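Note sheet for the following structure.
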Amino acid sequence: MLLLIILYLFPLLVVGGIYTANFSNMMSDLGMYSEYLSFANYASFIGMGTALPYLLRFKMRFRSKELMITSLSMIALCSIAIITTDSPYVIIAANFVIGFFKIIAIIEFVLPLLFILSPDGDRTKFYTVFYPLSISTAQIGGYFFAKIAYNLQWESVYLVMAIIMLVLVLISVIFMHDLRFSRKLPLYQIDLLSMLLFVVSFFLLTYTLVFAKQQDWFASSYIQASTIGFIITMILFLWRQKGLKRPYVPLSVFKKKNFIQGFILLMCLGMFLASGVIQNTFTVGILGYDSLTNNLLNYAMVPGIIIGAIYARKWYAKKWPTKFLIISGMIFYTLHFVMMYFLISPEVDINYLIVPSILRGMGMVILFISIWFYTLDGFDMAETLAVASLSIVVRSLISVAFAGAIYSWLFYKLQLQGLENIAHHLDAVNLSQFRGGGLAVYGRSRIQAVLTASKALYGYSIIAGIIIMLFTLAIRFENTYYRRLILVRKLLKGESIKGYNFRVRKNTTETIAAGAGAVAV
């Protein structure tokens, strides 16, 4: 059973690594703006968020065999569509469909894996295994896809993925049973209008965040229109949920403190995740690494991911507060920034980047586990899937795209500032003494500007990391225990605390197992 789960699950998890491996190759071969490919990558997360609220309804309406054959076939078909087109809009639509069906297929194997790893339904045991497994698989798969694209063409990656999906379809046809998961539920109760408003609103927001720098932010009429369109469609979406018997996203979730605070923490997580663009700019633009070598650096994250997962598992086993687990993950990520800040140099060896990558892997997996656990704690089945739908869009799209737009704008401004500072001293330089004349000076000046901009961005990231840690420390995660406040007051006043009851109520981690398995994807 476990081998069969791994056989299906690994290729589906690796699908997320295709764009990381193929981004630069697709951009150069197709001759399109990088923003279109970023949009396509984010479209897959919108597709996943769109399917999440109705995952269990799909599972109860159709047989597992039907869901697997349909989902895998659609992923293969969309992969072939990406190979055979040069239209960015077809690529974006295909990635949306891939994300939609990918999560439907994955849930078929996440649920049994959940009960294998955590029979008692404890999410912490499951998350500390599934997250390192999924993140490590994506990193390793990204390297192998980059190797295929480097030795052949970027189309070969999608062709290999399509072949793997079709092989899995054949295995499903032969070996999967025809039994139902539960009683048959109708599909007419699905609110298609809410799904449409959800998709349109986040597509408009993604367009705003991705194309903001390229179109000079709100100086562009398209950015203005997409922003206004997002606000209108999101208001219509929320207004529609009020009158539905079975809402797509129950508005009651917005009354939960942990969801609001988790939403803010997920936005902060975007700053940490988007910081990878600084390292990519440094390794590719300054050190001259190709895509294969650059993806090889992700291998160094895998030991950090494993160490971070063990660290989080031990933390939860001792019943320590989630707040300080989140802060410790931020500390590891900030230490990564600190090391990269001091390693910024045109002569740095790749071996020096291994330890920062390990720290980055530790911080990433700890933050994924802890923030996700806290955000989704205490919801029933319907609310859990709805919260997961919003959370996955916030974590993987809004926060990363917003932070990425800020990083891109800051890098552009800092690079211009660096060139301007260098230009002040060029009048005193005899350009004829340089081989290549003025062009050689320009090339060296550009490299120096990129170096100073990268170093400054890491410095700003360190400051932002410290501010986020202080904010996390300040917010209250659990209920207020007034007996603790009385104890503190007595200690400050020097009064006796003899006979004080030190027992503290513990939070439970019980939740609905199916919901936990679904949202982990």
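Computed from a prediction, not measured in an experiment: that's the story for all the values here.
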Measure from the side-chain N and O atoms of W315 to the backbone N and O of P321, and report whether any donor-acceptor pair falls under 3.5 Å. yes
Kindly give the heavy-atom pair with the smallest separation between L209 and I398, and that separation in Å. CD1-O, 3.9 Å
What about F211 and Y36, are their ring centers closer than 6.0 Å? yes
side-chain contact (heavy atoms from CB on, under 4.5 Å) between F101 and L72, worked out: CA-CA 8 Å; F101 285 99; L72 296 173; over 6 Å; no
Just wondering, do L266 and S399 contact through their side chains at under 4.5 Å, heavy atoms? no
For F45 together with F202, are the ring centres under 6.0 Å from each other? no
I'd like to know if the side chain of K323 reaches the main chain of L473, judged simply by a donor and an acceptor atom lying under 3.5 Å from each other, with no hydrogens or angles considered. yes
Whether the side chain of S408 engages the backbone of A405 through a donor-acceptor N/O pair (distance < 3.5 Å, no angle test) should be reported. no
Mind checking whether I326 and F373 have side chains closer than 4.5 Å, heavy atoms only? no
Could you tell me whether the side chain of Q279 and the main chain of G276 form a donor-acceptor pair under 3.5 Å? no
Might you work through the side-chain contact (heavy atoms from CB on, under 4.5 Å) test for M362 and I305, ending with a clear yes or no? CA-CA 5 Å; M362 291 178 64; I305 291 169; over 6 Å; no
Shortest non-hydrogen separation from R395 to L273 and the atoms involved: O-CD1, 4.3 Å
Is there a side-chain contact between I80 and Y158, using heavy atoms and a 4.5 Å cut-off? no
Indicate whether any N or O donor in one side chain lies under 3.5 Å from an N or O acceptor in the other, for S370 and Y316. no
For G465 and T334, which heavy atoms make the closest approach, and how far apart are they? CA-OG1, 4.0 Å
Rounding to 0.5 Å, atoms OG (S201) and CD1 (I235) come to a distance of 11.0 Å
Judged by atom type as modelled, is there a donor-acceptor pair below 3.5 Å linking the side chain of S71 to the main-chain atoms of M68? no
Any donor-acceptor pair under 3.5 Å linking the side chain of T85 with the backbone of A81? no
Could you tell me which non-hydrogen atom of T208 sits nearest to which non-hydrogen atom of S226, and how far apart they are? OG1-OG, 2.6 Å
Would a 4.5 Å heavy-atom cut-off, applied to side chains only, mark Y333 and H336 as touching? yes
Say whether, by atom type as modelled, one donor and one acceptor occur between the side chain of S44 and the main chain of N41 under 3.5 angstrom. yes
Evaluation steps, side-chain contact (heavy atoms from CB on, under 4.5 Å), between N95 and Y42: CA-CA 8 Å; N95 273 274; Y42 293 135; over 6 Å; no
Is the shortest heavy-atom distance from the side chain of C78 to the side chain of I98 under 4.5 Å? yes
State, without any angle test, whether S461 and S275 hold a side-chain donor-acceptor pair at a distance under 3.5 Å. no
Which value, rounded to the nearest 0.5 Å, describes the distance between L204 atom CG and T227 atom OG1? 9.0 Å
Please confirm whether the backbone N or O of N280 pairs with a side-chain atom of T283, one donor and one acceptor, at under 3.5 Å? yes
Measuring from F100:CZ to I46:CD1, what's the distance to the nearest 0.5 Å? 13.5 Å
Is there a donor-acceptor contact under 3.5 Å from the side chain of Q261 to the main chain of I475? no
Report yes if some heavy atom in the side chain of L265 is under 4.5 Å from a heavy atom in the side chain of M330; otherwise report no. yes
Are the side chains of P247 and L251 in touch, meaning some heavy atoms are under 4.5 Å apart? no
Where G308 and I366 come nearest, the two heavy atoms and their spacing: O-CG1, 3.7 Å
Decide side-chain contact (heavy atoms from CB on, under 4.5 Å) for L390 and F198; before the verdict, give the C-alpha distance in whole Å, the side-chain angles of both, and the deciding distance to 0.1 Å. CA-CA 10 Å; L390 293 174; F198 181 90; 4.0 Å; yes
What distance do L457 atom CG and M340 atom CE have between them, rounded to the nearest 0.5 Å? 12.0 Å
For F230 together with Y207, are the ring centres under 6.0 Å from each other? no
Working to the nearest 0.5 angstrom, can you tell me the gap between I278 CD1 and L410 CG? 9.0 Å
Flag the pair Y54 / F58 as yes when at least one side-chain heavy-atom distance between them is below 4.5 Å, and no otherwise. yes
Might you point out which heavy atoms bring S172 and K65 nearest each other, and give the distance in Å? O-CE, 3.4 Å
